[in-house]
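So the structure is just underneath, and the comments pick up after that.
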Amino acid sequence: MIKVIASDMDGTLLNSKIQVDEEGVKAIEQARAKGIHFVLCTGRMYDDATQLINHANLYAPAICMNGAEIRDEHGKILKQIPIDTPSARYTYKVLEDLGMYCEFFTDIGPISPNKDKGIALMKDIQRKAHPNFTAEEVEQYVIERFESKDVHVIDDPERIFNNDEITILKFIAFSSDQAVLKKAKDTLESEGNLAISSSFSDNIEITHIDAQKGLSLQYYVECMGITMDETFAIGDNFNDVSMLKMAGYSVAMGNAEAPIKKLAKYQTDSNDEHGVATAIHKMLETNN
């Protein structure tokens, strides 16, 4: 019997306009009315994630930054799994040597060591991803991204590495070159203390090896006396792999990457076709 629903956000609960799927929210509320708990499992930082869901009146606990942080429904931090300083310094060097743009996700917010480089790269990525966008629309999207996320600019990363009061929880790095992304992934994985995943085709996301959605979801549900066999997980991309593997009831979105569809036990419609709602309704039909 399913007692917990865990949902990814981007490509899953959020549609292609980066808006919360209202039908999904209604289905979640129906599940809650039946005593089923709901938790977000996202690569986003907590403030970023809750800003989006609160607009839809969907208040929920959240496993953030791919599992690096767990918060309850009131925003209280239950657990953090940071990247240690030597691993963080090594990660930055690998990404810098490969010419990638990266951001640090920390307990004081996102930090960029080179905002101008980030803006230029994001424009290039958005032009390729949305060829129908005008130059003005691309410009607006990229500027809004940096402003809405309140990205801090610190030109010298050593100021971060040498500051014991800043906790690094995740790196996100971007490139439009798949060969570069693969090289970064392979190199960082060989370090042995890092988990490498991705949420879009143009990025990689780096956390501590123990900071993965599946492991943090397991920790969260077991604190409630629930097992992973009693957990429903739904997602669309490679940072969802660990929770889809570990959940008793796993669902891939219709827009999911092909390996994710193969991995999950069930498939649903896309994030623009109310896939979360459809999957939850189907689960509720047999959940007894």
Side-chain angles (χ1 to χ4, degrees), residues 2-80 105 107 109-110 141 144-151 169-170 172 199-200 205 211 213-214 216-217 219-221 224 231-237 239-240 243-244 247 251-253 255-256 268-281 283-284:
I2 297 302
K3 297 180 180 178
V4 173
I5 293 171
S7 176
D8 170 53
M9 291 187 67
D10 290 275
T12 303
L13 189 63
L14 300 177
N15 60 27
S16 59
K17 295 181 179 179
I18 321 297
Q19 297 172 341
V20 177
D21 185 300
E22 293 184 10
E23 295 301 319
V25 174
K26 292 176 183 178
I28 290 164
E29 294 302 337
Q30 289 178 20
R32 281 174 163 172
K34 296 179 181 293
I36 298 174
H37 194 75
F38 175 77
V39 58
L40 291 169
C41 282
T42 179
R44 290 174 178 263
M45 299 186 73
Y46 179 75
D47 289 346
D48 190 20
T50 53
Q51 183 180 34
L52 289 166
I53 67 167
N54 289 353
H55 282 306
N57 292 317
L58 178 63
Y59 301 91
I63 293 168
C64 305
M65 292 174 276
N66 294 342
E69 184 177 83
I70 305 172
R71 298 210 190 200
D72 69 12
E73 61 271 27
H74 305 295
K76 179 183 177 181
I77 297 173
L78 303 178
K79 186 177 182 180
Q80 285 184 332
F105 283 18
D107 56 347
Y141 176 90
E144 285 180 355
R145 176 193 180 276
F146 281 89
E147 291 179 351
S148 66
K149 292 180 183 293
D150 193 23
V151 179
L169 295 159
K170 172 185 163 182
I172 184 167
S199 55
F200 294 99
E205 303 181 359
K213 287 187 180 184
S216 292
L217 179 59
Y219 172 87
Y220 182 80
V221 301
M224 296 189 293
T231 302
F232 167 116
I234 184 166
D236 74 302
N237 223 305
N239 62 342
D240 301 313
M243 73 172 182
L244 294 175
V251 183
M253 297 296 293
N255 51 287
T268 186
D269 298 324
S270 77
N271 61 327
D272 285 327
E273 300 170 316
H274 316 304
V276 169
T278 299
I280 291 175
H281 289 315
M283 178 272 290
L284 290 177

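Numbering of residues begins at 1 and proceeds along the displayed sequence.
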If we only count heavy atoms from C-beta on, is the [X] to [Y] side-chain gap below 4.5 Å?
X      : Y      : answer
Met243 : Ile63  : no
Leu40  : Leu13  : yes
Met283 : Ile36  : yes
Lys170 : Cys64  : no
Arg44  : Leu14  : yes
Met65  : Met45  : yes
Gln30  : Ile280 : no
Ser199 : Glu205 : yes

Calculate, to the nearest 0.5 Å, the distance between atoms [atom1] and [atom2] belonging to [X] and [Y] respectively.
X      : Y      : atom1 : atom2 : value
Asn15  : Asp10  : CG    : CG    : 10.5 Å
Ile53  : Met9   : CD1   : CE    : 6.0 Å
Asn271 : Asn255 : CG    : CG    : 4.0 Å
Asn239 : Phe200 : CG    : CZ    : 9.0 Å
Ile70  : Lys76  : CD1   : NZ    : 13.0 Å
Thr42  : Asn66  : OG1   : CG    : 7.5 Å

What pair of heavy atoms forms the shortest contact from [X] to [Y], and how long is it?
X      : Y      : answer
Val276 : Ser7   : CG2-OG, 4.4 Å
Asp8   : Gly235 : CB-CA, 3.9 Å
Tyr219 : Leu78  : OH-O, 4.3 Å
Gly67  : Ser216 : O-OG, 2.6 Å
Ala27  : Ala277 : CB-CA, 3.7 Å
Tyr220 : His37  : OH-NE2, 2.8 Å

Review item, side-chain donor-acceptor pairs of residues 16-26, under 3.5 Å, at least two apart:
unit_1 : atom_1 : unit_2 : atom_2 : d
Ser16  : OG     : Asp272 : OD1    : 3.1
Ser16  : OG     : Asp272 : OD2    : 2.8
Asp21  : OD1    : Glu23  : N      : 2.9
Asp21  : OD1    : Gly24  : N      : 2.8
Asp21  : OD1    : His274 : ND1    : 3.4
Asp21  : OD2    : His274 : ND1    : 3.1

Among all residues two or more places apart in sequence or in another chain, which pass the side-chain contact (heavy atoms from CB on, under 4.5 Å) test with Thr268?
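In terms of side-chain contact (heavy atoms from CB on, under 4.5 Å), with neighbours along the sequence ignored, Thr268 is linked to Ile234, Val251, Met253, Thr278, Ala279.
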Side-chain donor/acceptor of Lys213 to backbone N/O of Cys41, under 3.5 Å
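The answer is yes, because a donor-acceptor pair under 3.5 Å joins these two groups.
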Look only at the side chain of Asn54 and the backbone of Asn57, and say whether a donor-acceptor pair between them is shorter than 3.5 Å.
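Absent.
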